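Contents: one structure, followed by commentary.
Quick caveat: nothing in here was measured; it's all calculated off a predicted structure. Naming: A, B, ... by sequence-line order, numbering from 1 per chain.
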Number of protein chains: 2
Amino acid sequence: MEKLKKQLVKAGYKMTAPRIAVLEELSVSRHPISVRNLHKKIKAVNRASVYRTLNLLEESHLVNVEVIGKEKLYCLANVPHHHIICKQCGYMEEIKCNHNFGYFKNFSNIHHQLTLTGVCNKCAK
Amino acid sequence: MEKLKKQLVKAGYKMTAPRIAVLEELSVSRHPISVRNLHKKIKAVNRASVYRTLNLLEESHLVNVEVIGKEKLYCLANVPHHHIICKQCGYMEEIKCNHNFGYFKNFSNIHHQLTLTGVCNKCAK
DNA sequence: AACACAATTGCGAATTGTTCGCAAGTGTTA
DNA sequence: TAACACTTGCGAACAATTCGCAATTGTGTT
């Protein structure tokens with residue numbers, strides 16, 4: 001959390017209350033979360049500011065976005081990881097990320113986003 | 001293309017003109033494409049129908065969705081592949097997919113979506 | 001500790017993206 | 001070619017996201 005703040009400051013951003021609130025909520029919520037739900041948790045922060053904060057966090061690669069069905073979910077990127085998600089019930093497991101995609105000749109500064117979906121055993125009956 | 005149609009039919013859907021138009025446009029466009037641009041190319045098809053078609057194609061796993069910056073892009077999933085995209089100019093290379101994520105004990109029917117972003121050599125100057 | 005200034009916020013309105021309800025139209029199967 | 005369920009187009013509704021701007025706030029400087 002402190003590390004996150006430092007990264008933001010280093011990226012040239014001010015540490016304001018709304019930004020801290022967003023970071024803390026992302027840090028507290030164990031799972032990727034939608035803007036709607038994130039905002040529900042921190043109503044003191046204006047919705048537009050939630051969007052603005054998420055956008056700058058994304059540009060700084062401090063959060064990842066993934067699309068599950070019709071939802072766009074945000075998640076801290078501090079520890080490299082991905083998720084596998086059950087499409088029916090939303091059950092989710094975390095996956096350690098040990099992927100390396102740095103070998104593309106024509107690109108630098110490469111980031112990746114992996115999303116796995118499936119049906120969990122419980123839903124499969 | 002014919003194969004695509006057959007898959008749709010097998011999934012229980014009718015082969016209507018709007019659906020064929022969407023499939024053909026996806027098949028023609030070499031790159032992942034936004035709803036907006038897709039619809040621009042096939043104005044004869046109502047926007048709502050474009051959405052409906054993309055949704056059912058996605059549910060049938062015939063297309064993949066990925067988020068690049070603020071854009072949601074759709075792409076045929078007939079041949080397993082991914083993309084690496086330059087965030088600055090949009091230059092894009094295709095990546096063969098030889099990934100296997102079938103080994104998760106708690107899930108079945110697993111699909112994955114991998115998105116790579118970076119800066120292409122030209123933009124990096 | 002107060003200042004100054006640019007960065008950021010909150011607000012509401014505007015814009016854009018997506019879905020809905022329903023009457024009319026169309027593919028498929030017999 | 002008749003029948004029926006599935007689809008479409010349309011416009012309105014709804015949801016997501018951004019914008020413009022005045023007011024506020026962090027931060028570096030005195």
Side-chain angles (χ1 to χ4, degrees), chain A residues 1-2 4-26 29 32-60 62-75 87, chain B residues 1-2 4-26 29 32-60 62-75 87:
Chain A
M1 189 58 207
E2 288 315 309
L4 281 172
K5 292 187 188 173
K6 276 181 193 163
Q7 290 183 71
L8 252 202
V9 171
K10 196 188 292 182
Y13 296 109
K14 291 184 178 172
M15 276 318 308
T16 64
R19 285 172 183 169
I20 292 171
V22 169
L23 280 177
E24 293 213 307
E25 191 50 46
L26 285 174
S29 109
I33 188 173
S34 65
V35 177
R36 164 173 294 274
N37 284 334
L38 178 55
H39 181 226
K40 239 182 234 167
K41 300 291 194 81
I42 50 172
K43 288 231 195 61
V45 179
N46 187 272
R47 190 150 20 98
S49 295
V50 173
Y51 277 105
R52 287 185 285 230
T53 300
L54 287 174
N55 284 344
L56 73 83
L57 289 175
E58 192 191 345
E59 274 159 29
S60 313
L62 295 179
V63 302
N64 285 327
V65 195
E66 55 192 319
V67 175
I68 303 295
K70 311 210 165 303
E71 286 212 304
K72 216 169 158 184
L73 303 180
Y74 291 81
C75 174
K87 281 186 155 181
Chain B
M1 188 61 207
E2 288 316 309
L4 281 172
K5 292 186 190 173
K6 275 180 194 163
Q7 291 182 70
L8 252 201
V9 171
K10 194 187 292 181
Y13 296 108
K14 292 185 179 172
M15 276 317 309
T16 65
R19 285 171 182 169
I20 291 171
V22 168
L23 280 177
E24 294 213 306
E25 190 50 45
L26 285 174
S29 111
I33 189 173
S34 64
V35 177
R36 163 173 296 274
N37 285 332
L38 177 55
H39 181 227
K40 239 182 232 166
K41 301 291 194 81
I42 51 172
K43 288 231 194 60
V45 179
N46 186 273
R47 191 151 22 100
S49 295
V50 173
Y51 278 104
R52 286 186 284 232
T53 301
L54 287 174
N55 284 344
L56 74 83
L57 288 176
E58 193 190 343
E59 274 159 27
S60 312
L62 294 178
V63 303
N64 285 328
V65 195
E66 56 192 320
V67 175
I68 303 295
K70 312 210 164 302
E71 286 213 303
K72 217 168 157 184
L73 303 179
Y74 291 81
C75 174
K87 280 189 156 179

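For dT17(D), one of the phosphate oxygens OP1 or OP2 lies less than 4.0 angstrom from a side-chain nitrogen or oxygen of Tyr51(A). Between Arg19(A) and dT8(C), a side-chain N or O to OP1/OP2 separation shorter than 4.0 Å is present. Phosphate proximity of dC10(D) to Asn46(B): present, with a side-chain N or O under 4.0 Å from OP1 or OP2. Here Asn55(B) reaches the OP1 or OP2 of dT19(C): one of its side-chain N or O atoms lies under 4.0 Å away.
What separates NZ of Lys40(A) from P of dA16(D) is a distance of 10 Å, to the nearest Å. To the nearest angstrom, C1' of dG17(C) lies 14 Å from CG of Leu73(B). The distance between atom CG of Leu38(A) and atom C1' of dA15(D), rounded to the nearest whole Å, is 17 Å. Here dA15(D) presents its P atom at 15 Å from NE2 of His39(A), a figure rounded to the nearest Å. Note: CG (Leu56(B)) to C1' (dT8(D)) measures 13 Å, nearest angstrom. Atoms CG (Leu54(A)) and P (dT9(C)) sit 12 Å apart, rounded to a whole Å. In this structure, the CG atom of Leu23(A) is 15 Å from the C1' atom of dT8(C), given to the nearest Å. Rounded to an integer number of Å, the gap from Glu71(A) CD to dT17(D) C1' is 16 Å.
Distance check, rounded to the nearest 0.5 Å: OG of Ser60(A) to CD of Gln7(A) gives 9.0 Å. In this structure, CZ in Arg19(B) is found 7.5 Å from CE in Met15(B), a value given to the nearest 0.5 Å. To the nearest 0.5 angstrom, Lys70(A) atom NZ is 3.5 Å from Asn55(B) atom CG. Rounding to the nearest 0.5 angstrom, the gap separating the CD atom in Glu2(A) from the CG atom in Leu23(A) is 10.0 Å.
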Heteroatom pairs (N/O) under 3.5 angstrom, protein to nucleotides 1-4 of chain D:
none

Taking only N/O atoms, report every protein-nucleotides 14-16 of chain C pair under 3.5 Å with atom names and distance.
none

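Of the candidates Thr53(B), Leu54(B), Leu62(B), Leu4(B), Leu26(B) forms a side-chain contact (heavy atoms from CB on, under 4.5 Å) with just one, namely Leu54(B).
If you check dT27(D), dG9(D), dT8(C) against the side chain of Met15(A), the one that comes closest is dT27(D). Side-chain proximity of Pro18(B) to dG9(D), dT9(C), dG10(C): nearest is dG9(D). Across dT18(C), dT8(D), dT9(C), the shortest atom-to-atom separation from the side chain of Lys72(B) is found for dT18(C). Set against dC11(C), dG17(C), dT9(C), the side chain of Thr16(A) has dT9(C) as its closest nucleotide.
Each of Ala48(B) and Arg47(A) lies near DNA chain C, and the nucleotide nearest Arg47(A) is the one positioned closer to the 5' end. Comparing Val9(B) and Lys70(A) by the nucleotide of DNA chain C that holds the closest heavy atom to each, the one mapping nearer the 5' end is Lys70(A).
Nearest heavy atom pair, residue Gly69(B) against residue Glu58(A), reads O-OE2, 4.1 Å. Summarising the geometry of Ser34(A) relative to Leu73(A), their closest heavy-atom pair is N-CD2, 3.6 Å, with the distance given to 0.1 Å.
A side-chain donor-acceptor contact under 3.5 Å links His39(A) to the backbone of Val45(A).
Legend: salt bridge (charged side-chain N to carboxylate O under 4.0 Å, His left out) pairs involving residues 38-49 of chain B, not counting sequence neighbours, sorted by first then second residue: Glu25(B)-Lys41(B).
Put simply, the side chain of Arg52(B) and the base of dG9(D) share a donor and an acceptor less than 3.5 Å apart.
Contact annotation: the side chain of Leu38(A) never approaches that of Tyr74(A) to less than 4.5 Å [non-hydrogen atoms, C-beta and beyond].
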